[in-house]
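Everything below concerns the one structure shown next.
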There are 2 protein chains.
Amino acid sequence: MTAGSPGNGAENERDGPRQIKSVRTAATVIDVIKQHQGGSLAEISRELELTKGTVHTYLQTLVECGFVTREDGEYRLSFQFIALGEHVRNETDLYMAGHNEVDELAERTGEYAHLIGEERGRETVLYESRGEFAVAMDYHLRMRETPQHLHDTAAGKAILAHVPVDRRDEILANQEFERQTANTITDAAELRETLADIRERGYALNDEEEIRGMRAVGAPVLDPDETVVGAVSVTAPTSRLKDERFRTEMPERVMETANLIEVNLETARFDS
Amino acid sequence: MTAGSPGNGAENERDGPRQIKSVRTAATVIDVIKQHQGGSLAEISRELELTKGTVHTYLQTLVECGFVTREDGEYRLSFQFIALGEHVRNETDLYMAGHNEVDELAERTGEYAHLIGEERGRETVLYESRGEFAVAMDYHLRMRETPQHLHDTAAGKAILAHVPVDRRDEILANQEFERQTANTITDAAELRETLADIRERGYALNDEEEIRGMRAVGAPVLDPDETVVGAVSVTAPTSRLKDERFRTEMPERVMETANLIEVNLETARFDS
DNA sequence: CTTAAAGTTTGCAGATATCAAATGCCGCAG
DNA sequence: CTGCGGCATTTGATATCTGCAAACTTTAAG
């Protein structure tokens with residue numbers, strides 16, 4: 001090797017900092033298993049373009065580490081991830097400060113209420129509470145299984161509106177605004193305007209921008225020093241969320257909850 | 001090296017199948033971050049007995065892969081784990097077939113109800129539902145954050161009782177029965193007897209064996225072909241769960257729920 | 001019984017983790 | 001302002017590990 005690239009065999013990763021190639025590969029293996037919802041050695045190795053022998057070694061390792069299990073010839077992600085997820089949740093101040101308030105919000109509104117966290121420009125559902133009128137939906141399965149973009153949900157827009165400008169620009173630059181419905185905002189300029197409004201009013205609306213027939217109202221949760229730590233939202237069918245209720249009543253409720261959570265965050269210290 | 005061991009530098013792993021060392025290391029890094037609830041590079045490398053340079057490379061990689069995030073100098077496990085956990089949950093037939101029934105059970109009894117899955121001889125909480133009398137407890141945090149042993153919970157014993165003998169022996173051989181309270185069964189012979197009873201009656205009791213002051217009743221969930229896939233349980237303070245209610249009424253309720261879930265498992269196909 | 005596909009093991013050569021040490025980057029004390 | 005100490009980052013060199021090819025075993029199918 002002509003020593004041009006950094007000691008590493010970095011061909012794809014543009015000379016970024018040095019990394020452990022095997023760990024990248026292992027992460028890909030996990031991802032393939034996730035996408036395919038489990039699979040055989042042959043399937044996985046075909047997908048990865050690595051020899052069966054190699055993939056076999058990776059799977060042995062991942063099983064041994066407890067990330068993957070094998071059941072009648074099929075490899076699947078193990079329950080360990082459920083436990084780890086729970087651990088991360090309980091470590092997250094926003095969750096500890098907010099889940100009871102979100103329960104309350106769901107109860108008072110009768111609809112779905114969500115507590116949303118942000119990381120790397122994506123949103124993750126930290127908690128979901130279902131009010132009595134909220135019917136079981138599959139919609140949230142998808143959004144809970146992978147961190148989602150921020151441009152097409154009420155909570156996401158609420159967060160985006162309160163992120164420091166430089167970081168916001170970075171986030172927006174690094175993703176396309178995928179169109180989900182006819183109402184999805186896909187234009188950067190338009191989104192920026194909306195975000196300015198949201199910042200002024202203190203809440204965000206989602207008018208069937210993510211899912212047809214569903215509206216949502218979201219409000220940011222801010223740190224004492226005005227940093228966004230996440231958002232709260234309520235989601236309901238358009239038929240139950242319109243006019244006054246959509247534009248006045250629900251925003252007030254949601255902002256109230258967000259405020260309560262902010263207070264909890266300031267008062268209680270969740271450090272162990 | 002005298003080429004005695006298999007190509008690998010396996011010094012600790014008794015010549016088991018070949019594994020990827022870096023992946024093992026990465027798993028250890030994740031574990032250390034989990035244990036310490038986040039930490040700086042210096043802390044982590046001290047703990048691991050690897051140079052800072054090396055650990056730095058690992059952390060770069062894990063951040064890049066989305067498993068770890070960095071926030072003001074502290075590394076933490078990322079929200080990705082929450083999403084992955086959710087994914088695994090939704091992939092699990094027992095969860096899909098059981099969580100509504102467990103909600104129902106919690107509502108009817110007013111207590112905590114749990115849906116438990118088993119993997120590698122450990123139990124994982126797949127779902128928890130809180131009835132109206134069940135007070136918030138911290139107890140479940142610990143048990144939800146790491147797969148637990150099976151000998152000291154009602155659900156665990158219910159599962160253990162219905163696992164094929166050879167596997168049961170293997171599980172019991174590979175773990176000590178850690179004493180949690182004065183009532184914990186720590187004697188293998190005694191445990192075997194109890195398990196025989198459980199198999200006969202169809203339910204398991206936990207009489208302050210895991211936590212002082214708490215009792216529980218658990219019943220196994222079986223496949224069409226009699227394989228255990230998990231268990232259901234109800235947990236309550238001893239003061240609210242005694243005499244008839246503990247020994248007759250609650251076992252019936254819990255078994256009924258377990259049965260309903262079995263029916264759901266048979267009827268519905270959850271393959272995507 | 002034959003054949004094919006999937007899974008497992010192994011030797012080898014080249015790629016790559018790991019270390020030590022240099023460098024850069026704070027914040028703190030004087 | 002200066003120098004010190006801890007932490008984070010980068011780098012070159014080399015012993016080690018990874019990944020392939022290919023043999024071998026097992027399982028499923030015809």
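The nearest whole Å value for the distance from the CD1 atom in A:I44 to the P atom in C:dA5 is 19 Å. The CD-P distance, from B:E43 to D:dC7, rounds to 9 Å in whole Å. The distance from atom CD of A:Q19 to atom C1' of D:dT10 is 14 Å, rounded to the nearest whole Å. Computed from coordinates, the A:L48 CG to D:dT18 P distance equals 17 Å when rounded to whole Å. Nucleotide D:dC17 holds its P atom 13 Å from the CZ atom of B:R24, rounded to whole Å. If you take CD of B:Q60 and P of D:dC7, they are 18 Å apart, rounded to a whole angstrom.
Residue contacts for B:S40: at a heavy-atom cut-off of 4.0 Å it reaches the sugar-phosphate backbone alone, with no base atom in range. Nucleic acid contact class of B:S22 (heavy atoms, under 4.0 Å, all strands): sugar-phosphate only.
Between A:Y127 and A:H99, the angle of the ring planes goes over 60°, which puts this pair in the perpendicular group of the 30/60° scheme.
Each of C:dA6, D:dA8, D:dA21 was ranked by its minimum atom distance to the side chain of A:R46; first place goes to C:dA6. Among the nucleotides D:dT9, D:dT18, C:dT8, the one closest to the side chain of B:I20 is D:dT18. Which of C:dG7, C:dC19, D:dA21 sits closest to the side chain of A:R70 comes down to C:dG7. Considering only side-chain atoms of B:L41, the nucleotide from C:dT8, C:dG7, D:dA8 that sits closest is D:dA8. Checked against D:dG19, C:dG7, D:dA8, the side chain of A:T25 finds its nearest nucleotide in D:dG19. When each of C:dA6, D:dC20, D:dG19 is scored by its nearest atom to the side-chain atoms of A:K52, the top-ranked nucleotide is C:dA6.
For the OP1/OP2 pair of C:dT8 and a distance below 4.0 Å, the side-chain nitrogens and oxygens of A:H56 include at least one atom meeting the criterion. OP1 or OP2 of C:dT16 has at least one side-chain nitrogen or oxygen of A:K21 nearer than 4.0 Å. Taking side-chain N and O atoms only, A:T54 has no distance below 4.0 Å to OP1 or OP2 of D:dG19. Remark: B:Y58 is not in phosphate contact with C:dA17, judged by side-chain N or O atoms under 4.0 Å from OP1 or OP2.
No side-chain donor-acceptor contact under 3.5 Å links B:R76 to the backbone of B:E71. Remark: the backbone N or O of A:H149 is not paired with any side-chain donor or acceptor of A:R122 at under 3.5 angstrom.
A:R89 has a carboxylate O that lies under 4.0 Å from a charged side-chain N of A:E86, or vice versa, which qualifies the two as a salt bridge. Using a 4.0 Å cut-off between a side-chain N of Lys or Arg and a carboxylate O of Asp or Glu, B:R167 and B:E118 qualify as a salt bridge.
Between the base of C:dT16 and the side chain of A:R18 there is no donor-acceptor pair shorter than 3.5 Å.
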